[in-house]
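Some notes on the structure that comes next.
Letters A, B, ... are given to chains in the order of the sequence lines, protein chains preceding strands, and every chain is numbered from 1. Below, each value reflects all heavy atoms present in this structure, side chains not excepted, and no hydrogens, waters or symmetry copies.
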Amino acid sequence: MLAAGIVGVGRWGQNLVNASAGAENIEFVAGAVRHPEKVADYAAEKGLSLHTSLEAMLDEADIDAVVLATPHSLHVEQMLMAIEAGKHVLSEKPFTLSKADAEKVLDAADAAGVTVVVGHNRRFVPSLAELRRKIADGSFGTLLHVEMTETGPAAITLPKDSWRLQRSEWPAGGMTPMGVHLIDNMVDLFGTVESVTAQAVHRAVEADIDDTTSVLLKFSSGMTGYLAVMVTARPDFVASIYGRDATARMIGRMYDDLEFAPREGEPEQFNYDFGRDTDALTAELDAFGAAAMGQEAYPVSRDEIIHVVAVLEAVIKSAASGGEVKVA
Amino acid sequence: MINAGIVGLGWWGKVLVVSVQGKSDTIRFSHGSTRTRAKAEEYTGEQGIELVETYDELLAIDELDAVVLATPHSKHLEQIQAAAAAGKHVFVEKPITLTKADAEAAIAACRDAGVVCAVGFNRRFHPAIAEAKKLIDDGTLQTLMHVEGTMCAPNGMFLAADAWRADKNETPVGGLTPMGVHVIDAYINLFGEVDEVYCQSFRRAVPNDTDDTSSILFMFKNGMSGYMANMLATAPSFRIQGYGLGGAFEIRKPDLSSFEFVPNGDGPITGATGENKTVTRDFTGFDMVNAELEAFAAACAGGDAYPVPDAEVIHGIAVLEAIVKSADSGTPQKVG
């Protein structure tokens, strides 16, 4: 059992702490937050000691690991600080905003002999496991193309002074809150991405951020892809996979409904009741704990962590410059 | 009753004939011409269509009011000009031509001759598209954000190597000319003109030299963005999903029969889905091909104008031309 401290006890940090109740490999014992008085009741209920900064928590609390639920731009500095203190780290996505930073952090982790991973919670949803099996056993035949679109209301529901609603934290609109999950799903299912072409536009949201982002991808395998994220609509998700011998469609916020349709024969339906913000987080925390204790490799490999950030970086570049950008 | 001659009696030519022959009060096919006569003789016999040897012979038949062209794209311009010169109304399969300059020339020839020039955008007539247009025009969708469209068929897997559709000069960017132009026409109808496109197009699985997997990004002049994909080596499917600040509509299934509109309602504010106000429609059984030919017949008879305006036809071809250029060059292209 890993003793962990959470950094950032906002909505998402609390999701993580709540999800740890069902986890076997990890337990939260401490929390770092700028204004402890705001979450004192919550911390007392969950048995967390509260500290006013990561630095203070590292000094004062007896922990093996740190979990980051903090603004994207702080991840690098906070991860390096935790690594320096000899702690394992699970960081919320995006891991970093540049490939160079991702490599720097993981090199430091290797040197310190600690486990540092990223919280791509959706890796753990059962519909993706089913798709992974179908792809591995060749059920799709030659893969042609994949599409994934996610919409959410964040740009309208977040408070106007939220750290998220600025171009520095949300470059290319919904790419960091949502799009990076779609990139991770695609890298997981279809391998590395060679190039991207992106367009991000500002249409309706009040804040000075892009709200509608669409991206074409070319995979190293030769197949192609498309992803889109919009931050001013009701929460929804739809994905389609097109192969020579079969197609699949996955819908629902939690990727809950999957239809696999072979070109000949009856379609197969899969329906899951699996919470992306609950069950998936429990699985993610357990996988992190198991990896940190040396029991089992974390399902997002070092190369994948770096590659997903490299794809994100290329999308941001392409959205700014227009035209195709090779993934570094 | 308009007397029409069918030109080209391949797979699609026969679909056009069957949609009206013996069923329509406004149009019938009395004559036809086709490249390989022997292949069509039995069929035309059954349908009561008299076959002639050449297109010129067909145009010389006095009692013919109109010709319907289901021929390779590259033949269209010349055939339209000849029909206009002979005073026949023209219904031409999409795409009318492969360049904007040719589209302008074809339409000008018909205008100068005072004959109707109608392009077979059968999906324009579909009530699902009309339903979407209503939601846009009455403001229900509010600010338009983005549109996605995907249209697929496995046809590329079964093409003979010498079929005209397997020739890259006839079908640049794989599924764009057989399928994509329908989606583009719907986009122009619903969202207006396109400013810029970017296309990537590859061959993945078909056993001939055509591309089978093409995907395109769009920027519209109104500021919204869009996407379209066409595949020729996978199961038949159709989907257009349009996103606005007020909600999203989705038209789905190869016959466009499934329509759904889910309003954001107070969704963006509360995260609620607004599902209680979801509108669904089932348009199973609508015959788009019959509708387009009857609209053509009405226009020929001096009734309502055919509902695809010339300017939109020409703009659609300019978009097609920009997409082909982008696929070749690998760079975004402004629409000419």
Side-chain angles (χ1 to χ4, degrees), chain A residues 140-147 149 151-157 195 197-205 210-218 221-236 238 240-247 249 253 261-264 318 322-324, chain B residues 142-146 148 150 152 154 157 196 198-206 212-219 222-237 239 241 243-248 250 262-275 330-332:
Chain A
F140 283 96
T142 304
L143 285 159
L144 307 179
H145 189 66
V146 56
E147 301 170 341
T149 301
T151 57
I156 293 172
T157 53
S195 72
T197 307
Q199 53 187 14
V201 291
H202 174 121
R203 292 291 290 159
V205 65
D210 290 325
D211 52 30
T212 306
T213 309
S214 42
V215 184
L216 293 184
L217 304 96
K218 270 182 215 163
S221 68
M223 73 177 280
T224 53
Y226 160 76
L227 70 85
V229 285
M230 282 164 264
V231 291
T232 57
R234 76 199 162 87
D236 204 6
V238 56
S240 300
I241 297 168
Y242 303 88
R244 185 196 58 203
D245 300 337
T247 56
R249 178 171 156 96
R253 275 192 78 198
R263 213 165 70 199
E264 316 274 336
S318 174
E324 185 179 7
Chain B
Q142 299 177 32
T143 305
L144 298 168
M145 312 289 292
H146 189 67
E148 300 173 343
T150 305
C152 304
M157 302 300 293
E196 188 176 285
Y198 172 83
C199 174
Q200 54 182 24
S201 183
F202 302 100
R203 182 178 80 85
R204 293 285 292 157
V206 297
D212 56 31
T213 305
S214 312
S215 43
I216 300 154
L217 293 179
F218 294 75
M219 281 300 303
N222 69 7
M224 69 179 279
S225 54
Y227 155 81
M228 176 178 76
N230 299 126
M231 282 159 264
L232 278 169
T234 190
S237 68
R239 167 178 175 258
Q241 184 149 13
Y243 300 86
L245 190 60
E250 184 185 50
V262 185
N264 282 334
D266 59 354
I269 308 303
T270 63
T273 62
E275 246 139 20
T331 56

Out of [options], which one racks up the most heavy-atom pairs below 4.5 Å with chain A?
| options | answer |
| --- | --- |
| Val206(B), Thr213(B), Thr143(B), Leu217(B) | Leu217(B) |
| Met157(B), Glu196(B), His146(B), Arg204(B) | Arg204(B) |
| Gly244(B), Gly223(B), Ala235(B) | Gly223(B) |
| Ser215(B), Pro332(B), Ser214(B) | Ser215(B) |

Contact part of [X] toward chain A, heavy-atom cut-off under 4.5 Å: side chain, backbone, both or neither?
| X | answer |
| --- | --- |
| Glu148(B) | side chain |
| Tyr198(B) | both |
| Ser237(B) | side chain |
| Leu144(B) | both |
| Met145(B) | both |
| Met224(B) | both |
| Thr331(B) | neither |

Locate the shortest heavy-atom distance separating [X] from [Y]; write the atom from each residue and the value.
| X | Y | result |
| --- | --- | --- |
| Arg263(A) | Ala233(B) | NH1-O, 4.4 Å |
| Arg234(A) | Asn264(B) | N-OD1, 3.0 Å |
| Thr212(A) | Ser225(B) | CG2-OG, 3.5 Å |
| Leu144(A) | Ala205(B) | CD2-CB, 4.1 Å |
| His145(A) | Ala229(B) | NE2-CB, 3.9 Å |
| Asn222(B) | Arg203(A) | O-NH1, 2.9 Å |

*asked:* Do Tyr242(A) and Thr234(B) pair up side chain to side chain, a donor and an acceptor below 3.5 Å, judged on atom types alone?
replied: no
One should read off an interatomic distance between Ser214(A) OG and Ile216(B) CD1, to the nearest 0.5 angstrom, of 12.5 Å
Can you check whether [X] reaches [Y] side chain to side chain, under 4.5 Å on heavy atoms?
| X | Y | answer |
| --- | --- | --- |
| Val205(A) | Leu245(B) | no |
| Thr150(B) | Ser240(A) | no |
| Arg239(B) | Val238(A) | yes |
| Leu216(A) | Tyr227(B) | yes |

Applying a strict 4.5 Å limit to non-hydrogen atoms, the region of Arg249(A) in contact with chain B is side chain
Given Thr213(A), Asp236(A), Thr197(A), Thr224(A), the one with more heavy-atom pairs under 4.5 angstrom with chain B than any other is Thr197(A)
